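What follows is a single structure, written as structure tokens, with notes after it.
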Protein chains: 2
Amino acid sequence: MWSDPVDQGVGLVSSTIGAITRLIREQDLMPGDRLPSEATLARDLQVSRTVVREAFRSLAAMRIIELASGRRAAVAPIDHGAMSLIIEHGVHTDQISIQQIYDVRRTIESRIVTLAALRRNEGEAQAIRAEAAAMRAAIDDPPALMRHDLAFHMGLARASRNPVFALIMGAFQGITAQTWPVGWRSRTSAAAREAMIANHENIAAAVAEGDPERAAAAMSQHFDDSVRALISAGLT
Amino acid sequence: MWSDPVDQGVGLVSSTIGAITRLIREQDLMPGDRLPSEATLARDLQVSRTVVREAFRSLAAMRIIELASGRRAAVAPIDHGAMSLIIEHGVHTDQISIQQIYDVRRTIESRIVTLAALRRNEGEAQAIRAEAAAMRAAIDDPPALMRHDLAFHMGLARASRNPVFALIMGAFQGITAQTWPVGWRSRTSAAAREAMIANHENIAAAVAEGDPERAAAAMSQHFDDSVRALISAGLT
DNA sequence: GAAGCCGAACCTGTATGACAGGTTTGCCGA
DNA sequence: TCGGCAAACCTGTCATACAGGTTCGGCTTC
């Protein structure tokens, strides 16, 4: 029999987390379905409400359940929020470098853009192009530009039709948002900034036209530029 | 100014989580460094110890800090435990399919094995080969075989010298452990089982010899086999 | 008979106090 | 100087209390 990996920490809270996840699985609860109340669980599992609450908090931190005041806890849809925090923690504690993040992103986004070119529907193609256009429009408004840049890449990830790719890309969003300004500031010339926008437009066009090779090539170009920009800014 | 993504849930606990992560960053705490006691934080942040405890639990769930009875909380080294649970949750709630996991794994492990062939040191090459050998030795002991299979892939990820790859691979470990027996059972013939072991040995040899192309080709072969095995077992 | 309003029951968020058991630290004795 | 011991500190868990949000059924009104 499997022992839930959470049970390793042999505390009551850990066992309770295991019991709750088991409950979700055995009852085949789907996102949106509600869990028993804290008091009910406490009674059933023979622990105090404190323990159940801490278990709930732990699961909520991983976005496995959703908590809201007054309402019962509910099973949550997958969300990259927790993974984003984990990655940020790794970077801030010097366990992960920005370069390493970019190497992984290049690997994943190469595949994403290929899949997106093959699988995207009309609406997704439109949305991706719209973000690229919005980037050009916001060329003098860095915060807005960054938002559209992030949305552009998330749109690609969604168009790949594989939620795991979207999840991983989302996990990088937090740290990317923190390093993006560095890369932008290092693009001092108007030409460099123009090129950065053009890269995105090229990717969007290739995806919209359903040309995976060109899309992958354009994405590769984009990463060459971005990594060069970050290196020239002194980011290791 | 940035508002921590955690602060969205406007509760006291969420703000406290934000305050603690800010503390970690501003004081440049590294893995192993200890945090203030619950009582101290409660006093400093003007909240009850209950709130601090729930915040600690949340951070511990994401493996950002480590809790232990009697000892002060400490900053944790990055760990894939939380991400593993998140992925498992996605699969169990039908938000992610096994096929999608394998598509991501193929993408990532192709790159991992290439990097590993280029960067592995002698010890890592040795360890990877040892796991492959152990797989052959455990061909009649599925649980042990699976353990060595997982360790083999994690060894490759480590040899890529990029902790983010290792982190992502680790995130798939939990769900892989749950589906592995399905793939194994679907390999009914001795030849199919032999081929599966041989694939791993080929990968290990190519990595040890520093031949990235052959390593990537062998890994691709491995995934072709594995996906075929899972499909024939009826896993969507 | 149907639609809308209202209050009671239920539930979560937070605080307080208590105590058992594990950990750390510094002092004291050998 | 070294080893051990005890006190201080800290976390894990429990019980209780109460404010404020949510739900749901019944009652009123049209």
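Convention: sequence-line order gives letters A, B, ...; per-chain numbering from 1. Just so you know, these numbers come straight off a predicted model, no measurement behind them.
Salt-bridge annotation for A/Arg22 and A/Glu26: absent, with no side-chain N of the basic residue lying under 4.0 Å from a carboxylate O of the acidic one. Between A/Arg119 and A/Glu124, no side-chain nitrogen of the basic residue sits less than 4.0 Å from a carboxylate oxygen of the acidic one, so the salt-bridge criterion is not met.
Put simply, CG on A/Leu67 is 11 Å from P on C/dT14, counting in whole angstrom units. For the pair B/Ile17 CD1 and C/dG13 P, the interatomic distance rounds to 12 Å; values are reported in whole Å. The CZ atom of B/Arg34 sits 8 Å away from the C1' atom of C/dT24 (whole-angstrom rounding).
Side chain of A/Arg120 to main chain of A/Val207: a donor-acceptor pair is present (N/O by atom type, distance under 3.5 Å, no hydrogens or angles).
Bracketed by its first and final contacts, the part of DNA chain D lying under 4.0 Å from non-hydrogen atoms of chain B reaches from D/dC10 to D/dT13 in 5' to 3' order.
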Take B/Glu88 and A/Arg25 through the salt bridge (charged side-chain N to carboxylate O under 4.0 Å, His left out) test and state the conclusion after the steps.
CA-CA 10 Å; B/Glu88 284 178 56; A/Arg25 283 172 203 177; 3.4 Å; yes
Protein N or O to nucleotides 15-17 of chain C N or O, pairs below 3.5 Å:
unit_1, atom_1, unit_2, atom_2, d
C/dA15, OP2, B/Ser48, N, 3.0
C/dA15, OP2, B/Ser48, OG, 2.5

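For the ring pair (Phe, Tyr, Trp, His ring centres under 6.0 Å) test, no residue two or more places apart in sequence or in another chain qualifies with A/His92. In this structure, the side chain to side chain contact (heavy atoms under 4.5 Å, CB included) partners of A/Ala68, at least two apart in sequence or on a different chain, are A/Arg71. Residues satisfying the side chain to side chain contact (heavy atoms under 4.5 Å, CB included) test with B/Ala74, not counting sequence neighbours, are B/Arg34.
Between B/His153 and B/His222, a ring centre-to-centre spacing shorter than 6.0 Å is recorded.
The two residues A/Leu29 and A/Val75 come nearest to each other via the heavy atoms CB-CG2, 3.8 Å. A/Glu66 and A/Ala76 get closest at one heavy-atom pair: CG-CB, 3.6 Å.
A heavy-atom distance below 4.0 Å to DNA chain D is reached by these residues of residues 69-77 of chain A, ordered by number: A/Ser69, A/Gly70, A/Arg71.
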